[in-house]
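Notes follow the structure.
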Amino acid sequence: SLGALILIISLVLSFKSRKMIIAAGGTFIITSVAVYGLLMIFWHRLFSYIMPYQGLFQIIIGTLSLVGALYFLKIFIDGMRYGPTCVSSESSIVTWAVRKVEAKFKKGGYVSIILGSLIFAGIVTIVEFPCSAAVPLVFVGMLSDAGVSSLMTFAYISLFLLFYMFDEILVFGVAVWAKKLWMTSPKLMLASSLVGSVLLAFISAYY
């Protein structure tokens, strides 16, 4: 998702227009939040139906947490060995979407840019979800297990999405302010992977 946002911003930077950056990046982030939020609400409702089977439910959360912990640990170990890398999938759907968004951007104009960003964000978020599902699924599972009300569930998911999208909001903010791209420190990326692995391991052990 972050890589897709960077692609979007890099395409509009050539226009040298702050308004273009806001239109493209803002549309991408809002669409990503909306789609991701709907997916999390769907999984929360699904978990609510499994809740009566408490033993099975706890096994599901514990297993998801363990898988996530091992995945982030692998990222950390690989990063220590070979340095941080950005792994992209060879998805034909994403490749098609990239071509479409580039064609829309070449036309210029706010309508084309907003439409291209909206479609691209929706496709990327849906395709990416299985790759990054462990943490949000564990999170909504914990909310279901805690018996949180619908209103508080919405509030917690909104808070989760704020932190989940924080890196993209930061990159977008810098692009709007300075009209250039900025990426975070590789060491910070490695540290976050290790912290994520440890936290998920604790949650797995708890369940």
Side-chain angles (χ1 to χ4, degrees), residues 1-46 68 71 75 84-140 153-184 189 192:
S1 183
L2 179 59
L5 175 64
I6 289 169
L7 171 64
I8 289 282
I9 293 174
S10 65
L11 288 171
V12 293
L13 279 176
S14 59
F15 293 112
K16 303 294 182 183
S17 168
R18 189 169 279 112
K19 289 181 180 179
M20 289 283 195
I21 297 171
I22 292 172
T27 300
F28 182 91
I29 289 174
I30 291 169
T31 305
S32 296
V33 167
V35 174
Y36 216 89
L38 288 172
L39 288 170
M40 289 182 70
I41 290 169
F42 167 78
W43 279 100
H44 180 268
R45 298 307 304 158
L46 184 62
Y71 175 73
I75 290 176
T85 56
C86 181
V87 181
S88 61
S89 60
E90 295 298 323
S91 170
S92 57
I93 298 174
V94 173
T95 303
W96 173 84
V98 168
R99 289 173 184 161
K100 287 292 181 182
V101 79
E102 285 178 340
K104 290 284 184 186
F105 277 37
K106 284 177 182 177
K107 291 180 182 178
Y110 289 105
V111 175
S112 293
I113 286 174
I114 290 172
L115 185 61
S117 300
L118 193 149
I119 295 170
F120 192 50
I123 291 171
V124 167
T125 305
I126 293 169
V127 170
E128 180 204 43
F129 190 79
C131 306
S132 59
V135 175
L137 290 186
V138 169
F139 185 76
V140 295
T153 295
F154 179 78
Y156 277 123
I157 289 176
S158 299
L159 186 63
F160 176 92
L161 289 170
L162 175 63
F163 281 97
Y164 179 77
M165 299 293 292
F166 182 75
D167 56 346
E168 294 179 32
I169 294 169
L170 194 60
V171 169
F172 172 63
V174 171
V176 170
W177 176 64
K179 294 184 184 178
K180 67 179 182 180
L181 285 168
W182 172 83
M183 288 297 290
T184 188
M189 292 170 63
S192 65

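Count residues from 1 along the sequence.
- Among residues two or more places apart in sequence or in another chain, the ring pair (Phe, Tyr, Trp, His ring centres under 6.0 Å) test is passed with Tyr36 by Phe129, Tyr164.
- Across all non-hydrogen atoms, the minimal contact from His44 to Val140 is CD2-O, 3.6 Å.
- Contact record, Phe172 with Ile9: CA-CD1, 4.1 Å, taken as the closest heavy-atom pair.
- Side-chain atoms of Ile119 and Leu115, non-hydrogen and from C-beta on, do get closer than 4.5 Å to each other.
- Relative ring orientation between Phe139 and Tyr156 is described as perpendicular, the plane-to-plane angle rising above 60° on a 0-90° scale split at 30° and 60°.
- Trp177 and Arg18 make their closest contact through O-NH2, 3.0 Å (heavy atoms, listed as atom of the first residue, atom of the second, distance).
- Interatomic distance, CG of Leu38 versus CD1 of Ile126, reported as 9.5 Å (0.5 Å rounding).
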Verdict with reasoning, Leu162 to Phe166, per side chain to side chain contact (heavy atoms under 4.5 Å, CB included): CA-CA 6 Å; Leu162 175 63; Phe166 182 75; 5.8 Å; no
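- How far OG of Ser32 is from CD of Glu168: 6.0 Å, rounded to the nearest 0.5 Å.
- To the nearest 0.5 angstrom, Leu39 atom CG is 9.5 Å from Trp43 atom CH2.
- Atom CZ of Phe160 has more than 12 neighbouring heavy atoms from other residues, nucleotides or ligands inside a 6.0 Å radius.
- Taking each heavy atom of Ile157 and Ile41 in turn, the nearest pair found is CD1-CG1, 4.0 Å.
- Considering all non-hydrogen atoms of both residues, Ala24 and Ile113 come closest at CB-CG2, 3.5 Å.
- For the atom pair OG1 (Thr27) and CG (Leu118), the distance works out to 6.5 Å, reported to the nearest 0.5 Å.
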